[in-house]
S.K.: 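First the structure, which I've put down as structure tokens, then a few questions once you've had a look.
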There are 4 protein chains.
Amino acid sequence: MTGNFMGERFVTASFGESHGQCIGTLIDGCPAGLPLSKEEVQSDLDLRKPGRAAIYTGRKEEDEVEILSGVFQGHTTGAPICMFIRNKAVDSRPYERFKRVPRPGHADYTARVKYGGFSDWRGGGRFSGRITASYVMAGSVAKKVLGFALGVETLAYSTQIGGIRARELSPEEIRESRYQNDVRCPDTAAADKMMKAIKEVMKEGDSLGGVVECLVLYVPTGLGEPVFSSLESDLSRALFSIPAVKGVEFGKGFNLTEMKGSESNDPFVLRSGRVVTSTNRMGGILGGISTGMPLILRVAVKPTASIHKRQRSVDLEDMVETEITVAGHHDPCIVPRVVPVVESVVAIVLTDHALRFGLIPPVLERDER
Amino acid sequence: MTGNFMGERFVTASFGESHGQCIGTLIDGCPAGLPLSKEEVQSDLDLRKPGRAAIYTGRKEEDEVEILSGVFQGHTTGAPICMFIRNKAVDSRPYERFKRVPRPGHADYTARVKYGGFSDWRGGGRFSGRITASYVMAGSVAKKVLGFALGVETLAYSTQIGGIRARELSPEEIRESRYQNDVRCPDTAAADKMMKAIKEVMKEGDSLGGVVECLVLYVPTGLGEPVFSSLESDLSRALFSIPAVKGVEFGKGFNLTEMKGSESNDPFVLRSGRVVTSTNRMGGILGGISTGMPLILRVAVKPTASIHKRQRSVDLEDMVETEITVAGHHDPCIVPRVVPVVESVVAIVLTDHALRFGLIPPVLERDER
Amino acid sequence: MTGNFMGERFVTASFGESHGQCIGTLIDGCPAGLPLSKEEVQSDLDLRKPGRAAIYTGRKEEDEVEILSGVFQGHTTGAPICMFIRNKAVDSRPYERFKRVPRPGHADYTARVKYGGFSDWRGGGRFSGRITASYVMAGSVAKKVLGFALGVETLAYSTQIGGIRARELSPEEIRESRYQNDVRCPDTAAADKMMKAIKEVMKEGDSLGGVVECLVLYVPTGLGEPVFSSLESDLSRALFSIPAVKGVEFGKGFNLTEMKGSESNDPFVLRSGRVVTSTNRMGGILGGISTGMPLILRVAVKPTASIHKRQRSVDLEDMVETEITVAGHHDPCIVPRVVPVVESVVAIVLTDHALRFGLIPPVLERDER
Amino acid sequence: MTGNFMGERFVTASFGESHGQCIGTLIDGCPAGLPLSKEEVQSDLDLRKPGRAAIYTGRKEEDEVEILSGVFQGHTTGAPICMFIRNKAVDSRPYERFKRVPRPGHADYTARVKYGGFSDWRGGGRFSGRITASYVMAGSVAKKVLGFALGVETLAYSTQIGGIRARELSPEEIRESRYQNDVRCPDTAAADKMMKAIKEVMKEGDSLGGVVECLVLYVPTGLGEPVFSSLESDLSRALFSIPAVKGVEFGKGFNLTEMKGSESNDPFVLRSGRVVTSTNRMGGILGGISTGMPLILRVAVKPTASIHKRQRSVDLEDMVETEITVAGHHDPCIVPRVVPVVESVVAIVLTDHALRFGLIPPVLERDER
């Protein structure tokens, strides 16, 4: 398959460009009989939109979803589901220059080379963060399937922004508070500091990165296929499809490299007759297969590449070195907006694996009509 | 496709079990006309074998490769290449217990649940580190294709073991010295300390983890497909198929999350008329597509799960908590042995992407016979 | 992949339902730089629409195509192309009954069972002949790619309807006359008889089937991959995705089974220094690979299942035998409308194989903008 | 995926060459817990071997299967199953000439062009009928899965050879008698005539083709995915991967094209409270999905291309026209040997679809060990 598709039994496609007609997704393999409404997808999409806080200076869009196919009488039909949002608040003029003078840290240069100058450069085209709206639409369906059939729950939040770290948080705290503030960090004290840090770099015309953590609860044991479709393999593939993600780790991740085996191994114990591990440094995955413990993963989000500060670049027409400043509206920190996107792609991958492993039937409930 | 396959145009399959007949690979899509001998594959396989140093206490195998198909008159034919090594030095008795009392940090438990007790538990079966021999056989062919057609070179080495970090190293140093010592760290001073640290944990019956870094030189610009087959997506998928890997990062990876955009963006400059970046914090990838700069990636390897120390576990037959000590031969640190495996899977993914992008022809040279 | 996707490097997806919002296609892997306009796709789509002749009594739709993505400044960008047509002339009432009392020869029954009653039954939903509009949209792009890059030309026509056979026809006759009459048979004498036969069954409330032949000119030698993606394998897979197709043959097909080897083998000869075969009973394919001779294939189209005559069926709610007559507008013979659909799916498969074999570059021409 | 792989959830790969080391298959996705022995696979393989009758003049091989992986303690483990047979009775000398002067009707020419002269030409290499042994090994496992989990039964036989047709036969007759005579035709009278016809063409140094019919009993309703993975699509793809197959039809196939709708539609009726069709002209498939009636399909097998008669060809080195006679041992009619191959590929496709549709669990029975 080509790169805009992912999945084996729950297949997600992404299409559309930042300043083209629309951003859309095509989902094939969704079981029939899932109750699904436009409003549910919309409420997930709304989480991806920039907040109202001063730290969001980017483009404002309605992002109203239209479902083109695959849903009938309030339920999925088993047929492919196509959904999209229209692009409206579009001003492509500033981007004309980036085609010629590529922005450091952006795909302007690589897209131009790969597609011989034919790629849609307006707003970054296919390389805009805006394409993650297609993941969120597909993820909305996946979350619904997972919740309906298995009770699985995905909880992501900002655990670090600009070096400020959230304290350890319980699943309850994350569930209740992750969308309560603009940085999507359930630790209010840390959230305040993060807000301050973002406002500060805004003044400098600079940007910040951070880390999003995702917890997945009620994951059945046995998800994941050895070897090239281990849960870590397929999750990381999906997570790295989010623009700006440059690192992915599971459980204690890179910290494991400084532990001893006796410190990193999670002991097996019995709790109410069930086999669990007393710690979860492996993030709920052993041998690429879910253990039944919560999945834990973290993604590293680099600072927004579009900054107001003057940067060095090359004029690709005249082939001379030059400088560039990126004007216009860009969020100084996209970490909070990555939160719902991480939840989405994680749900997409888990739905696919649950279908592969036969845990979700092809029809979710019998129709009595 | 199922999990034991990977790739679109250069497809690799893995088969075999740790204590079964063999470990093997099947490669489809290898261009015709590549000069290939059994000896070349063997020399790559030999790098994966445990060294002679005292820090390698694991099983000793000849690992002699047999090529079953796809090679004729010293060249690849374009037909599928099947290769395997026989398992010989096998003692499965200790593993019988792990089926009943799963080792912490191992796949004993998840494999049992997923396959209903039918999986081959001898030596860890499909979940043994030994299966990486199949990646190395396939990687050997991939490295040959990449080198022959494009001059691409993959250079991995141990950059950290048990908290001891190698200094910054030049590609030349890495190329020349990475296989010169038993820990596969070209920084001799660090290597000595790593050796000592490993010997120490051995005495304690414990184990260490670490980090493998991989540098890829002479990568053409334009490799990688948006969005779900970005270079980072496909590389991470392959890297997480290596047992014990729990984290993957590109360029400055998780360190980027504490930088500002002005510090992380790589400025574009001209060098001898070519567009390059003056720094390479992005690891040679922008928008999921190779920039033409060296690829840089790092993988986190957890400490060996099999340790001699007493650990808590559960007896799955009687469903009672118990304790387990893992006897037998296990390397106290597998980081050095992961080095050639990382090179292999990176080469496999890049070969696939170079074929997808049309940079490698289906026949590598015309036959004059 | 799931069933609504096809292809490896030129991937086509089909979505939409007969009486839903729309019928659409998503294409991924189309090379960048192909000149493409909405008008070109529209003119191919118009060929699929029912003619004005008295033999077309089916639904009338505008079928105006909308291109949602992947085309910019008159050229393909290399990004996924999403296109669709809206459904407008929709009257779903008659179909309510078919959900309960399935039409013989239709998918009403199997769709109901497979999707647990949730499938969109209006107008046949995903099982309507109308979904072939998605193949034609994708085929339009494929034909453009094949023509632009390789000069390949696909020529289909009705070679038999209701037992009336066209005489042997030259490629020139087919090219010029296949869309000149309403039955799409370039043999005018046969065409007249076919028209008469169709009108006759119309009066009886019955229907006819027939055979569509497709000739493909200027096919490069070497297309097709052994073994499961032989040209015949992949073409037949695509051809059987056309509703009502129940047989596919290549070259002399089933007639070969009554020949001797000395009669069926095509001798190799030289023509202007090129290796060709003096006959073409194999239909331009040997060992699943194109010989460079014209491809020749034929598909068997069953009679339209929806007929006015009274038929036996079962009431699935009351579980009693009953009778059904299908009222409403249905073409008494869909063979002529299958003609452009066959051309489309053949072009889709050949484009995919030409890309796989490296005959079409990822960028079709350098952009000078 | 590349061409030597097929399937989504039950994946089959084919490898090996006619005169190389071996012919093999790799199966991934086989459920764990299936009782499987080498002897069962061997007995299926033995059906593919040439009979002892005078009409089999081809190469004699032991074809002893070796199982390399995926089976443990008499059961499948869920891991990939690799199996192969060694090539032994090999005389490659006659083939050297065909590389230079390609045999009409064979892949000698197309293989040479596609692989730039590097393909293994010995014995036809990958294009030999011998590679169907890999299908039979995989098919043997598939038949076992289908029988074990669903009771599905595949029954193929020669229904026509050299123009001689078998009478209509009951499933019982086919089941009991299809392997009772050397032409694999359960109609003894027809079988005698077929034998005579084959002996006659042998004397002339010529060959015959024919038709293999396959009946599949106890197929569950609902197998098949719209649109590009309709049951007809996926079955035909697999059937056309059998060398010498040039046509495939389902139900009444090409005969449907001369019927009226009132003659071709199968009426729905009730039999013992189950919905069935009173006739089965559609071959058990409606809308690409199984109806629950027996599947019926037919494949056209062309006459053996290798004949002793003098034929015209081209010397590809000197580029002059010449003549060729094919000496050596070749079956004058391969139709009987195609019979078990058709059963095999049909079983492979149905197993895949039953897994996709969730009808076969990932573990076939709980292990009590």
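Order of the sequence lines fixes the chain letters, A, B, ..., with proteins taken first and strands second; residue numbering starts at 1 for each chain.
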S.K.: Could you tell me which non-hydrogen atom of A:A107 sits nearest to which non-hydrogen atom of B:G287, and how far apart they are?
M.R.: CB-CA, 3.7 Å
S.K.: Which one wins on heavy-atom pair count under 4.5 Å against chain B: A:G273, A:G3, A:G209?
M.R.: A:G3
S.K.: Under a 4.5 Å heavy-atom cutoff, which of B:K260, B:R312, B:R281, B:H106 has the most pairs with chain A?
M.R.: B:K260
S.K.: Check B:S241 against A:S233 and note the closest heavy-atom contact, atom names and distance.
M.R.: N-OG, 3.4 Å
S.K.: B:L316 versus chain A, heavy atoms under 4.5 Å apart: side chain, backbone, both or neither?
M.R.: side chain
S.K.: Among B:L223, B:N4, B:D266, which residue forms the greatest number of heavy-atom pairs with chain A at distances under 4.5 Å?
M.R.: B:N4
S.K.: Check whether A:F127 gets within reach of chain B through its side chain, its backbone, both or neither, counting any heavy atom under 4.5 Å.
M.R.: side chain
S.K.: Using 0.5 Å steps for rounding, measure from the OG atom of B:S313 to the CG atom of A:N265.
M.R.: 10.5 Å
S.K.: If I measure from the heavy atoms of chain A, does B:R9 come under 4.5 Å with its side chain, its backbone, both, or neither?
M.R.: neither
S.K.: Among the options B:S134, B:G210, B:C333, B:P226, pick out the one with the most heavy-atom pairs lying under 4.5 Å from chain A.
M.R.: B:P226
S.K.: Answer with side chain, backbone, both or neither: which region of A:V299 has an atom nearer than 4.5 Å to a non-hydrogen atom of chain B?
M.R.: backbone
S.K.: Please classify the contact between A:L239 and chain B as side chain, backbone, both or neither, with a heavy-atom cut-off of under 4.5 Å.
M.R.: neither
S.K.: Nearest 0.5 Å please: distance from the CG atom of B:L208 over to the CE atom of A:M259.
M.R.: 12.5 Å
S.K.: Pick whichever of A:S14, A:P104, A:G288 has the most heavy-atom pairs under 4.5 Å with chain B.
M.R.: A:P104
S.K.: Do you know which of B:V345, B:V275, B:V211 has the most heavy-atom pairs under 4.5 Å to chain A?
M.R.: B:V275
S.K.: Is B:P243 close to chain A through its backbone or its side chain, or both, or neither, when contacts mean heavy atoms under 4.5 Å?
M.R.: neither
S.K.: Quick one, B:K302 and A:M282 - any side-chain contact, counting heavy atoms below 4.5 Å?
M.R.: yes
S.K.: Do B:M6 and A:S229 come close enough that some side-chain heavy atom pair is under 4.5 Å?
M.R.: no
S.K.: State, yes or no, whether a side-chain contact exists between B:V227 and A:R126 at a heavy-atom distance under 4.5 Å.
M.R.: yes
S.K.: Hey, what do you get for OG (A:S264) to CD1 (B:I307), rounding to the nearest 0.5 Å?
M.R.: 7.5 Å
S.K.: With a 4.0 Å cut-off, would you call A:E263 and B:K309 a salt bridge?
M.R.: no
S.K.: Under a 4.5 Å heavy-atom cutoff, which of B:G253, B:S290, B:G247 has the most pairs with chain A?
M.R.: B:G247
S.K.: With chain A, which of B:G124, B:A13, B:G224, B:S278 has the greatest number of heavy-atom pairs at distances under 4.5 Å?
M.R.: B:G224
S.K.: In terms of heavy-atom pairs under 4.5 Å, which option from A:G162, A:P267, A:A111, A:G292 contacts chain B the most?
M.R.: A:P267
S.K.: Main chain of A:D206, side chain of B:S262: is a donor-acceptor contact present, judged purely on distance under 3.5 Å?
M.R.: no
S.K.: Check whether B:T110 reaches the backbone of A:L286 with its side chain - one donor and one acceptor, N or O, closer than 3.5 Å.
M.R.: yes
S.K.: Give me the atom names and distance for the closest heavy-atom approach of B:L256 to A:P303.
M.R.: O-CD, 3.4 Å
S.K.: Identify, with sequence neighbours excluded, every residue that meets side chain to side chain donor-acceptor pair (under 3.5 Å) alongside A:T221.
M.R.: none
S.K.: May I have the step-by-step check of side-chain contact (heavy atoms from CB on, under 4.5 Å) for B:E8 and A:M1, ending in yes or no?
M.R.: CA-CA 7 Å; B:E8 295 295 325; A:M1 296 295 300; 4.3 Å; yes
S.K.: Using heavy-atom distances under 4.5 Å, tell me whether A:F5 contacts chain B through its side chain, its backbone, both, or neither.
M.R.: backbone
S.K.: Could you tell me which non-hydrogen atom of A:F254 sits nearest to which non-hydrogen atom of B:R298, and how far apart they are?
M.R.: CZ-O, 3.9 Å
S.K.: At a 4.5 Å cut-off on heavy atoms, which part of A:Q311 comes close to chain B: side chain, backbone, both, or neither?
M.R.: side chain
S.K.: Ignoring hydrogens, what is the shortest heavy-atom contact between B:F228 and A:T12? Give both atom names and the distance.
M.R.: CE1-O, 3.9 Å
S.K.: If every non-hydrogen atom of A:P102 is compared with every non-hydrogen atom of B:F268, which pair is closest and at what distance?
M.R.: O-CD1, 3.6 Å
S.K.: Count the heavy-atom pairs under 4.5 Å between each of A:S306, A:G261, A:G222 and chain B, then report the option with the highest count.
M.R.: A:G261
S.K.: Taking side chain as everything from C-beta outward and backbone as N, CA, C, O, which of these in A:V201 sits under 4.5 Å from a heavy atom of chain B? Side chain, backbone, both or neither.
M.R.: side chain
S.K.: Relative to chain B, which segment of A:V335 carries a heavy atom at a distance below 4.5 Å: side chain, backbone, both, or neither?
M.R.: neither
S.K.: Could you look at A:R310 and say if it's the side chain, the backbone, both or neither that has a heavy atom under 4.5 Å from chain B?
M.R.: neither
S.K.: Does the pair B:V245 and A:E232 meet the rule for a side-chain contact (heavy atoms from CB on, under 4.5 Å), with working shown?
M.R.: CA-CA 9 Å; B:V245 170; A:E232 286 130 329; over 6 Å; no
S.K.: Do the ring planes of A:F240 and B:F250 sit parallel (below 30°), tilted (30 to 60°) or perpendicular (above 60°)?
M.R.: perpendicular
S.K.: Tell me, for B:Q160 versus chain A, whether the close heavy atoms (under 4.5 Å) come from the side chain, the backbone, both or neither.
M.R.: side chain
S.K.: Run the side chain to side chain donor-acceptor pair (under 3.5 Å) test against B:S158 and tell me which residues pass, sequence neighbours left out.
M.R.: none
S.K.: Taking side chain as everything from C-beta outward and backbone as N, CA, C, O, which of these in A:S230 sits under 4.5 Å from a heavy atom of chain B? Side chain, backbone, both or neither.
M.R.: side chain
S.K.: Does a side-chain heavy-atom distance below 4.5 Å link B:I285 with A:K246?
M.R.: yes
S.K.: In Å, rounded to the nearest 0.5 Å, how long is the span from CD of A:E258 to CD1 of B:I164?
M.R.: 10.0 Å
S.K.: Please test A:L270 against B:M319 for side-chain contact (heavy atoms from CB on, under 4.5 Å), starting from the C-alpha separation and ending with a verdict.
M.R.: CA-CA 8 Å; A:L270 287 171; B:M319 282 303 270; 3.7 Å; yes
